There are 2 protein chains.
Amino acid sequence: MKETAQILREKGLKVTPQRIAVYNMLLNSTEHPNAETIYRALEPTNPTMSLATVYKTLDYFKQLGLVQELNVGEGSSRYDAVVKCHPHTVCMQCGKVQDLFLDELTEIHKKVKEELDFQVNCEQLILYGICGDCRKNKIEA
Amino acid sequence: MKETAQILREKGLKVTPQRIAVYNMLLNSTEHPNAETIYRALEPTNPTMSLATVYKTLDYFKQLGLVQELNVGEGSSRYDAVVKCHPHTVCMQCGKVQDLFLDELTEIHKKVKEELDFQVNCEQLILYGICGDCRKNKIEA
DNA sequence: CTGGCTGCAAAGTTTTTGCAAAGTC
DNA sequence: GACTTTGCAAAAACTTTGCAGCCAG
């Protein structure tokens, strides 16, 4: 696996501890954290880290295609280091956000192009519902 | 067509000029306005209308299923009086947001249920791209 | 060194809240 | 008349900005 430092350098960014920390946190997490969550996770190990830097860093990363911003209807944006367009499920009970990969979407792109003359670049599909765990807990309760 | 006043009454809401105005504006527009836009559109005819009331009204409507909130990645939320879950296209050039109806999504719901044990209630599919008009203008320019 | 990066605090946006006055039923 | 709803202003929540000092290359 490529070094985070090298990836940043290739994108023309200076390599700083803050940037490495943010990117690694996103790579090693599946929870799609928001800026605040990233900040709080990194604060203990990077005592000088500031929330503004997290925002600035995420903004750079987003523009350089290193991360994807995701808004599932909460107040704040979540971030995902998986950059390729892919759907997400959002559990309306526990709030968990999970990745998902579906082939069916390419067909939809084609159809929309033909029928509406709309050229799709990227899509965001958010499936709201109740995850298996929460359904189980509901029945037990 | 059912009277707006009657719809509100059936939902257990008191009928006020502000609520009628907001709901009618959403019904008669296809632009998926945000709270600010609604407010500015109604201000001339409803001089006492306030932005806070627009927000409160939209919040009631959302909870009662009269409108749908839509976040396409701008700072603010847009609102749609078409309540049934349906996809939207967002033109990355002109910003236009359009409705779309696709049957393919029911299949996706079924697949996600079977493979991930995730029960989908509602989905939000946003297709980002360039609309026909903008592509035409680009070629001409 | 030098230009980009950080961290702070202040400001900007969007949305929510508290409460007195007004309006609905 | 009882109880909501409104509108104002203040506050909250999230994000961006300005700038002095710091750090990577």
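Here is how names work: the chains are called A, B, and so on, in the same order as the sequence lines, proteins then strands, and each is numbered from 1. Only heavy atoms go into these numbers, but all of them, side chains included; no hydrogens, no water, no symmetry mates. Values in this document were obtained by computation on a predicted structure and should not be read as measured data.
Take A:K14 and apply the side chain to side chain contact (heavy atoms under 4.5 Å, CB included) test, not counting sequence neighbours, and it matches A:R19. Remark: A:E123 pairs with A:C85, A:L105, A:H109, B:L125, B:L127 by the side chain to side chain contact (heavy atoms under 4.5 Å, CB included) rule, at least two apart or across chains. For the side-chain hydrogen bond (donor to acceptor under 3.5 Å, both in side chains) test, no residue two or more places apart in sequence or in another chain qualifies with B:D133. Judged as a side chain to side chain contact (heavy atoms under 4.5 Å, CB included), and not counting sequence neighbours, B:T106 has no contacts. Looking at residues two or more places apart in sequence or on another chain, you find a side-chain hydrogen bond (donor to acceptor under 3.5 Å, both in side chains) between A:S50 and A:T53. Qualifying side chain to side chain contact (heavy atoms under 4.5 Å, CB included) partners for A:Q68, counting only residues two or more places apart in sequence or in other chains: A:D80, A:H86.
Between the side chain of B:H88 and the backbone N or O of B:V97, no donor-acceptor pair lies under 3.5 Å.
Within the nucleic acid shown, B:P47 has no heavy atom closer than 4.0 Å to any nucleic acid atom. Residue contacts for A:Q18: at a heavy-atom cut-off of 4.0 Å it reaches the sugar-phosphate backbone alone, with no base atom in range.
A continuous path of hydrophobic side-chain contacts links A:M92 to A:L70 [ILVMFWY only; heavy atoms under 4.5 Å].
At whole-Å resolution of the value, CZ in A:R19 and P in C:dG4 are 11 Å apart. Going from atom NZ of B:K14 over to atom C1' of C:dA22 covers 12 Å, rounded to whole Å. A:N46 has its CG atom 13 Å from the P atom of C:dC8, to the nearest Å. Distance, A:E43 CD to C:dT6 P: 16 Å, rounded to whole Å. Rounded to a whole Å, the CD atom of A:E74 is 16 Å from the C1' atom of C:dT14. Residue B:M49 contributes atom CE, which lies 14 Å from atom P of C:dG23 at whole-angstrom precision.
Take the nearest nucleotide of DNA chain C for B:L13 and for B:G75: the residue whose nucleotide is more 5' is B:G75.
Residues of residues 50-61 of chain B that place a heavy atom closer than 4.0 Å to DNA chain D, in numerical order, are B:S50, B:A52, B:T53, B:K56, B:Y60.
Comparing the end axes of the helix from C:dC1-D:dG25 to C:dC25-D:dG1, each fitted to five base pairs by superposing C1' atoms of four pairs onto the next four, gives an inter-axis angle of 40° (nearest 10 degrees).
When DNA chain D is scanned in the 5' to 3' direction for atoms under 4.0 Å from non-hydrogen atoms of chain A, the outermost contacting nucleotides are D:dC14 to D:dG25.
Regarding contacts with the backbone of C:dT15, a side-chain N or O of B:S77 is found under 4.0 angstrom from either OP1 or OP2.
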Please tabulate, for side-chain N and O atoms in residues 34-44 of chain B, each donor-acceptor pair with protein atoms closer than 3.5 Å (sequence neighbours left out).
from, atom 1, to, atom 2, distance (Å)
B:N34, OD1, B:E36, N, 3.4
B:N34, OD1, B:T37, N, 2.8
B:N34, OD1, B:T37, OG1, 2.6
B:N34, ND2, B:S76, OG, 3.0
B:E36, OE2, B:R40, NH1, 2.9
B:Y39, OH, B:E43, OE2, 3.2

Would you tabulate the side-chain donor-acceptor contacts of residues 60-67 of chain B under 3.5 Å, counting partners in other chains and residues two or more places apart, or write 'none'?
from, atom 1, to, atom 2, distance (Å)
B:K62, NZ, B:E69, OE1, 2.6
B:Q63, NE2, B:D59, OD2, 3.3

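Residue pairs meeting the disulfide bond (SG atoms under 2.5 Å apart) criterion with at least one member in residues 3-50 of chain B: none, sequence neighbours excluded.
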